[in-house]
Amino acid sequence: MTELETLRHSCAHVLANAILVLWPEAQFAAGPPTANGFYYDVDLSHRITPEDFKRLEKEMQKIIQAAQPFEREIISRQRALEMGRSGALAGLGPRPMPSVFKLDIIERIPANEEITLYRNGSFTDLCAGPHVADTSKIGAFQLTHVASAYYKGDEKNPQLQRIYGTAFATQEELEAYFNMLEEAKKRDHRKLGKELELFTFDEDVGPGLPMWLPKGTVLIEELEKLAKETEFQAGYQRVKTPHIAREQLYKTSGHLPYYAESMFPPMELQEESGGEKNIYYLKAMNCPHHHKLFGAVPRSYRDLPLRFAEYGTCYRYEQSGELMGLMRVRAMQMNDAHIYCTEEQFAHEFRAVNEMYLKYFKIFGIDRYQMRFSTHDPAKLGQKFVDHPQLWKKTEDMVRDVLVSSGINFVEVPNEAAFYGPKIDVQVWSAIGREFTLATNQVDFAVPRRFGLVYTTSENKKETPLCIHRAPLGTHERFIGFLIEHYAGAFPVWLAPEQVRVMPISDKVGNYAQRIVSELMASGVRASADLSSEKIGAKIRQAQLEKIPYMVVVGGREEAAGQLSLRSRQHGDEGVLLKNDFYQRLNDEIQKRS
RNA sequence: GCCGACGUAGCACAGUGGUAGUGCAGCUGAUUCGUAAUCAGCAGGUCAGGGGUUCGAAUCCCCUCGUCGGCUCCA
């Protein structure tokens, strides 16, 4: 635990202590530090609201001012259980009710580990520590919000109130943190998406179903252009598949009934011929369709690796409480592709996919990311994971080798693999500190077999291919949500919905401004003229607020000389240059995606 | 889905039982201006939707929808 975490965890104890002063019957579960502060889970019939925070903070302040030392004591398991039964754990002394959650926690402490108590004042808690020397070392704190959480995160367990707060060594740091939060709000993609007219939601369309306004659609199309170029160069072929499929497809793939609750409810239709009932599902993933494309034509080892790419639209019935702006939606377009290959080709293909990820990260300046390598748990073969121990071993070794030999920084997470094979998820952190799984790269050695996919080997035998699922740009929705926050809405020129705004000083040069716009548009640049009767300062302000990368100011002087006055979003006035010099510089910058 | 909070004009907000307001954006007119806001006028709301209490509801109560903060899950 870092020093700050120790301080925050100590503050969580002080919070529990204060809650007990106000509500002596409160029962506590866990109270750890978090990335931004701390929380304590409490079971209490009184609903704690932000109005209660003032009273709680006052009690906490008293405890902190008293500079109560934190005392550590090692106790026997026997004694711990006794204290738990007497309600003294996370308590101010014995109580009529036992400390139920603490007793449960004691049960889970391995026999060889010592059990410790921490006391400050009259408050005693079961705790592994460590803590600050005394409560006065908690320099500055504030309770922030209250939410609910299931005990141990399991919805079968009782629901607890989770009181969140944050703490720092000094008041200045606390204030800096809240200022930072204010700044973060300004780059929230939901706020910027509205301000910049990128996308919108509508109640009549449905929750989690974003609609893209023209400016947001530009972002989508630029990303697709990038993906298509990149995938073309990497030997992918594009395919197109429908948004729905019969139930049988998902029975074959194994998604039904296992995945059914994440899918929109099926459509049932009585078809005219025969009167048979047909059930259709909206697709939640593209792989089954792609597998059918693989199987549509006899395949030879000479065809492999075969790479099918599609920006496929998928629909997932995410729980209503899970929806969050563009980051978690119910309709999404995936930068999907499936690579069918032999075992010999696997390492090479997998490496190439990873290199594609890195190439993209460089373009977008994403330097804070982590690859999470998810592997299976041998104990759960046949249940959570398909029962092919040797293939698990083989593919996991192959993936690990590729990661290690490429020098990619990764963490290995057991028991997190897909049911059909190991996978790599790419975690990124948006500029405002949110963590997301942005992209995924998965090995599948099971589903192609379920579909009976085969290719003919050089020895004229039938062999099932391995399949790599990959989506380096994730989904448009999440990726663009991320990019909005990453760039704070100030997109690089190649992505910017409007790349150049031309602003005449007065009506007299309106035609010249329009001529410049025509010339820019002729070379594919997204430009417009501001022909309003505003003064130049107002036009510039407007363009700056719209975060347009280049502003071109023209007056009589520029028109006479065939020049323009350039202003950039970041650097302000860049002086006068010839029109053609600007066009060249601009097109160069757009082409390089710099 | 569960717990909690919230929902007033395109946006940001005020209004807590007595006829719905401000700023910005929009529209119209005037102004023709040199690097982040020219002036004036006009228009815009079944106060999320439905039901109830009341002489009277944006305001109090109930239900529904949606959003936000979490829990779980995931691209």
Side-chain angles (χ1 to χ4, degrees), chain A residues 34 39 41 47-51 144-164 188 190-191 194-195 197 200-208 259 261-262 284-286 312 314 316-329 332-336 416 418 423 425-428 436-442 469-479 481-482 503-510 531-546 551-558 565-569 572-576:
Chain A
T34 63
Y39 64 80
D41 282 346
R47 289 269 150 222
I48 295 177
T49 65
E51 274 84 81
T144 53
H145 55 291
V146 55
S148 85
Y150 298 101
Y151 180 57
K152 297 212 166 289
D154 188 334
E155 54 187 326
K156 290 188 278 295
N157 285 337
Q159 196 156 37
L160 308 171
Q161 302 187 61
R162 178 167 291 181
I163 318 293
Y164 283 90
D188 188 306
R190 291 167 294 192
K191 184 175 160 67
K194 202 175 267 181
E195 286 172 0
E197 295 181 12
T200 187
F201 290 90
D202 185 279
E203 268 195 44
D204 290 347
V205 173
Y259 198 73
E261 67 174 36
S262 297
M285 65 291 297
N286 302 302
C314 295
R316 294 185 186 169
Y317 191 75
E318 302 291 351
Q319 297 184 77
S320 58
E322 296 306 296
L323 301 174
M324 207 282 266
L326 287 180
M327 295 307 194
R328 199 66 186 282
V329 294
M332 68 212 86
Q333 257 185 293
M334 237 185 272
N335 171 227
D336 217 354
E416 292 284 313
K423 65 172 180 175
D425 287 322
V426 182
Q427 306 294 119
V428 296
F436 290 99
T437 301
L438 196 66
T440 186
N441 187 5
Q442 312 182 346
H469 305 236
R470 42 110 282 178
L473 297 178
T475 62
H476 280 322
E477 287 71 20
R478 192 174 284 183
F479 200 78
F482 169 79
M503 304 178 278
I505 291 290
S506 77
D507 286 354
K508 296 187 201 85
V509 280
L531 301 176
S532 68
S533 60
E534 292 293 341
K535 298 202 284 196
I536 198 67
K539 292 182 183 184
I540 285 170
R541 182 181 136 83
Q542 184 57 34
Q544 286 285 159
L545 290 173
E546 290 181 44
M551 286 153 271
V552 163
V553 176
V554 289
R557 299 203 293 267
E558 285 82 2
S565 168
L566 184 64
R567 180 186 166 98
S568 86
R569 182 179 56 199
D573 197 344
E574 296 203 2
V576 175

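Since we're looking at a predicted model, the values are computed, not measured. The sequence lines fix the lettering, A, B, ..., with proteins before strands; numbering per chain opens at 1. FYI, side chains are in, hydrogens and waters are out, and symmetry mates aren't considered; it's all heavy atoms of this structure.
A40(B) is paired with U28(B) under the Watson-Crick or G-U wobble criterion, all donor-acceptor distances under 3.5 Å. Look at A58(B): it lacks any Watson-Crick or wobble partner with both distances under 3.5 angstrom.
Across all strands, Arg190(A) comes closer than 4.0 Å only to sugar-phosphate atoms, never to a base (heavy-atom distances). Residue contacts shown for Ala471(A) are absent, as no nucleic acid heavy atom lies under 4.0 Å away. Within the nucleic acid shown, Ala543(A) has no heavy atom closer than 4.0 Å to any nucleic acid atom. Leu160(A) comes within 4.0 angstrom of no nucleic acid atom, judged by non-hydrogen atoms across all strands. Within 4.0 Å (heavy atoms only), Ile540(A) reaches at least one base atom of the nucleic acid.
For the pair Leu323(A) CG and G66(B) P, the computed distance is 9 Å after rounding to whole Å. Separating the NZ atom of Lys508(A) from the C1' atom of G34(B) is a distance of 12 Å, rounded to the nearest angstrom. As rounded to whole Å, 16 Å separates atom P of C33(B) from atom CG of Leu531(A). To the nearest angstrom, P of C27(B) lies 11 Å from CD of Glu534(A). Between the NZ atom of Lys423(A) and the C1' atom of C73(B) there is a distance of 10 Å, rounded to whole Å. What separates CD1 of Ile505(A) from P of A36(B) is a distance of 11 Å, to the nearest Å. For the pair Glu261(A) CD and U72(B) C1', the computed distance is 11 Å after rounding to whole Å. Put simply, OH on Tyr150(A) is 10 Å from P on U72(B), counting in whole angstrom units.
The base of G34(B) lies close enough to the side chain of Glu558(A) for a donor and an acceptor atom to sit less than 3.5 Å apart. Interface remark: the Ser148(A) side chain does not form any donor-acceptor pair with the G4(B) base, using a distance-only criterion of under 3.5 Å. Counting atom types as modelled, Ser533(A) pairs no side-chain N or O with a base atom of U32(B) as donor and acceptor under 3.5 Å. If you check distances only, the side chain of Glu322(A) never reaches the base of C2(B) with a donor-acceptor pair under 3.5 Å. Judged by atom type and distance alone, Arg478(A) reaches the base of C74(B) through a side-chain donor-acceptor pair under 3.5 Å.
For Gln442(A), a side-chain nitrogen or oxygen approaches OP1 or OP2 of A75(B) to under 4.0 Å.
Closest approach of Met334(A) and Cys314(A) over heavy atoms only: CE-SG, 3.6 Å.
Nearer to the 5' terminus of RNA chain B, by closest-nucleotide assignment, is the contact made by Gly555(A) (compared with the other of Gly206(A) and Gly555(A)). Each of Gly575(A) and Asp425(A) has a nearest nucleotide on RNA chain B; the 5'-most of these lies closest to Gly575(A).
Between Gln333(A) and Thr475(A), the side chains place no donor N or O within less than 3.5 Å of an acceptor N or O (distance only, hydrogens not considered).
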